[in-house]
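First comes the structure, then the notes that go with it.
Letters A, B, ... mirror the listed sequences (proteins, then strands); counts begin at 1. Note that this is a predicted model, so its numbers are computed, not measured.
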Amino acid sequence: MVDDCVRVAVPVPLREALDYLPPVVVEWPLQPGMRVRVRVGRRRLIGLVVATGVRSALPRNRLRPIEAVLDAEPLLDDATRELIRFAADYYHYPIGEVAAAALPERLRNGGEAQAAAIVRWRLTPQATPEHAALARAPRQRALVSYLLEQGADAAPLDTQSLTAFGAGVGVLLRELLAKGLVERVRESALAPAPGGELPPALHAEQRAAVDAVWPSAAAPGYATHVLEGVTGSGKTEVYMTLIARALAAGRQTLLLVPEIGLTPQLLARLRRRFAVPLAALHSGLADAPRRDGWLAARSGEADIVVGTRSAVFTPLPRLGLIVVDEEHDASFKQQEGLRYHGRDLAVWRARRQGVPIVLGSATPALETLQHARRGHYARHRLATRAGGARAPLLRILDIRHGKLEAGLSAQLLSAVRERLERNEQVLLFLNRRGFAPVLICHECGWAAQCPRCDAHMTYHAASNRLRCHHCGHETPAPPACPECAAPDPRPIGQGTERVEQALAAQFPDVGILRIDRDTTRRRGALDATLEDAHSGRFPLLLGTQMLTKGHHLPNVTLVGVIDADQGLFSADYRAHERLAQLLVQVAGRAGRAQRPGEVIIQTHQPEHPLLHTLLAGGYRAAADTLLSEREAAAMPPFTWLALLRAEAAQQTAALAFLNAARKVLDGLRRDVVDVLGPVPAPMERRAGRYRAQLLLRSGDRGALHALLARTLPELDALPEARRARWSLDVDPVDLY
DNA sequence: AGCACGCCGACT
DNA sequence: GTCGGCGTGCTC
């Protein structure tokens, strides 16, 4: 028997690829990385060839032939296919679904691997208004006359700039095309950047970092560099200089940014500096431009590719450098389906492709710091703030005894007033949107509960409605208690809406800008809102998380953290790490220009060791302490975790599956892997479904993965697996 | 995941 | 007597 079968990864939840016979009609040699159309059961699906010339374990008569070959050449190169293979193995996820996740929508659905060109039109030499074919077509004649007036050397015009001829101009052009009087000119959709902006002089630390990553003209090999730079220390300038070196060596750069970090400002900055094709890949992009950017990266046409986590799968034939900005950011971890970590895959890819990778952050993740401690990653610090700006002064404000106005202490309010009187900008941070996190009856104690989740409903005053922030369930706010009919249930606690209202009462003549998911819901609204924040019309800024991420607000001299206690007492093992990062990041918003900044942290726990360590020694000291705690608790980065989650309409079904899974695990050798649980999830019911989880932990990553690889096929076969929805989360970022 | 097959309940 | 419920098995 000849070994001529083709292994195809198809988007179905099967752990392995399926074997097919070669297509009946062979137009060109089939190669790994090409897309094919195959029958799977009764369906026709687009799959990716992962191997050719293989010998199938199945007899020939059980194999079907490939129906069609979609690509004349591989869509994915070796490096990208190996990355897909690695991700499928490491995250224990079906290879076909990983392959599907790696492709832009249009290509995943079998669309042609060709970019939409911008179509422009120009007259052919034989076109004159007197042409016989135009005798009975006055509108076409007018269009020809117009194009003639533009002169013979004029640049071809796109349909957009001809709209003066009405919406039907496309029809006119097509008729003229048929008559041979106009022709189409296609060109690349990648907008050429102006470039040319001169780079600022680097300070000594920046130069040292750049030279360490890219020392000479020749492209360096693999190394992971941690660029630890306080906010305002010029990390971006280091990236830019490295990109320039990669460009000079004829190499592409992949720049990965958090979801919220891919702003028009960042793109504009890159385009001002570099006159090269740049592709931006992010979730807000429509399908066609996303495909076009991806194809430009794959062809090597794009020199710079900027994208969010999924961009890590983009084929880059001339890759020379990877940068992950704000590498600690949680948005690099996908939280559904293939639960991969974009940063971790980027490091794997950098090693595979032999290129340097830079992980930049003011607050590196603990796992990144631990890699550096072990000597796997090189560490570079930028401690100097650009322009000589001083680091902000952090202050803990004990709010235990004083009166609070919507969560604001008198001391914080007077500090705000002082700054406002000096015409400086103030930023207040509260990580909770809405008016109040719970609505309570003062007479009987009833509290508004989400009918579908184990959670309180948040009261939103603007709409006078209750909304569950976990499942989206919404109801009108009841005018009276549903239990005892007492009027006017009370909103307890504060969200940004209430704080905004209280601030408006305190500072009636001051412009207040609230920035949270409710005020920036529309696409693009965040960018517009951030422009408002810069405009100077709003001396008082109030917002959630989204305000803390890397936006330059040079006039802010005071940052107020309204409630640090939330993060101090969260049950999650990463809560303290996240709080430390949050406080340092939010503090980074203050005093970036010449004015010194101040950060006031309100807390009921002024003696908390985390806050003290942070104040005394900064993020580095806090991270050191947190690492010791993790080591003592045998938690990551000193051990490795995998979380098996299950959910079902009945809690018994979810637990039954996890108990069965536990039995399977207990039956296999697992002396170096702890199995903890199953236990109900911290929020047991969410969106009407009961959730439970089983945690696996090991100090030996290889042993953990070997166990998972043996276990999962058995779990697929469990009858209980059909009665619950379940998933595996390798390296979970939170345990909820 | 789909999609079929298959075997028990209330309906044209 | 049939339509259809979702339990079970399979996809090269």
Spacing between [X] atom [atom1] and [N] atom [atom2], to the nearest angstrom:
X: L48(A); N: dC12(C); atom1: CG; atom2: P; result: 18 Å
X: E97(A); N: dG2(B); atom1: CD; atom2: C1'; result: 12 Å
X: I46(A); N: dT11(C); atom1: CD1; atom2: P; result: 21 Å
X: D3(A); N: dC12(C); atom1: CG; atom2: C1'; result: 16 Å
X: I95(A); N: dA1(B); atom1: CD1; atom2: P; result: 18 Å
X: R39(A); N: dA4(B); atom1: CZ; atom2: P; result: 11 Å
X: D716(A); N: dA1(B); atom1: CG; atom2: P; result: 11 Å
X: L45(A); N: dC12(C); atom1: CG; atom2: P; result: 10 Å

* Between dA4(B), dC12(C), dA1(B), which nucleotide has the shortest distance from any of its atoms to the side chain of R43(A)? -> dA1(B)
* Asked: Considering only dT11(C), dA4(B), dA1(B), which nucleotide approaches the side chain of P13(A) most closely?
  -> dA1(B)
* Do side-chain atoms of T711(A) reach the backbone of L707(A) as a donor and acceptor pair under 3.5 angstrom? -> yes
* Would you say R722(A) reaches dT8(C)'s phosphate, i.e. side-chain N/O to OP1/OP2 under 4.0 Å? -> no
* Test salt bridge (Lys or Arg N to Asp or Glu O under 4.0 Å) applied to R343(A) - qualifying residues, sequence neighbours left out -> E327(A), E367(A)
* So which of D731(A), D734(A), D729(A) actually passes salt bridge (charged side-chain N to carboxylate O under 4.0 Å, His left out) with K333(A)? -> D729(A)
* Asked: Parallel, tilted or perpendicular for H705(A) and H92(A), by the 30°/60° rule?
  -> parallel
* So what does R62(A) hit on the nucleic acid, given a heavy-atom distance under 4.0 Å: a base, only sugar-phosphate, or nothing? -> sugar-phosphate
* Structure fact -> Between L14(A) and R42(A), the residue closer to the 5' end of DNA chain B by nearest nucleotide is L14(A)
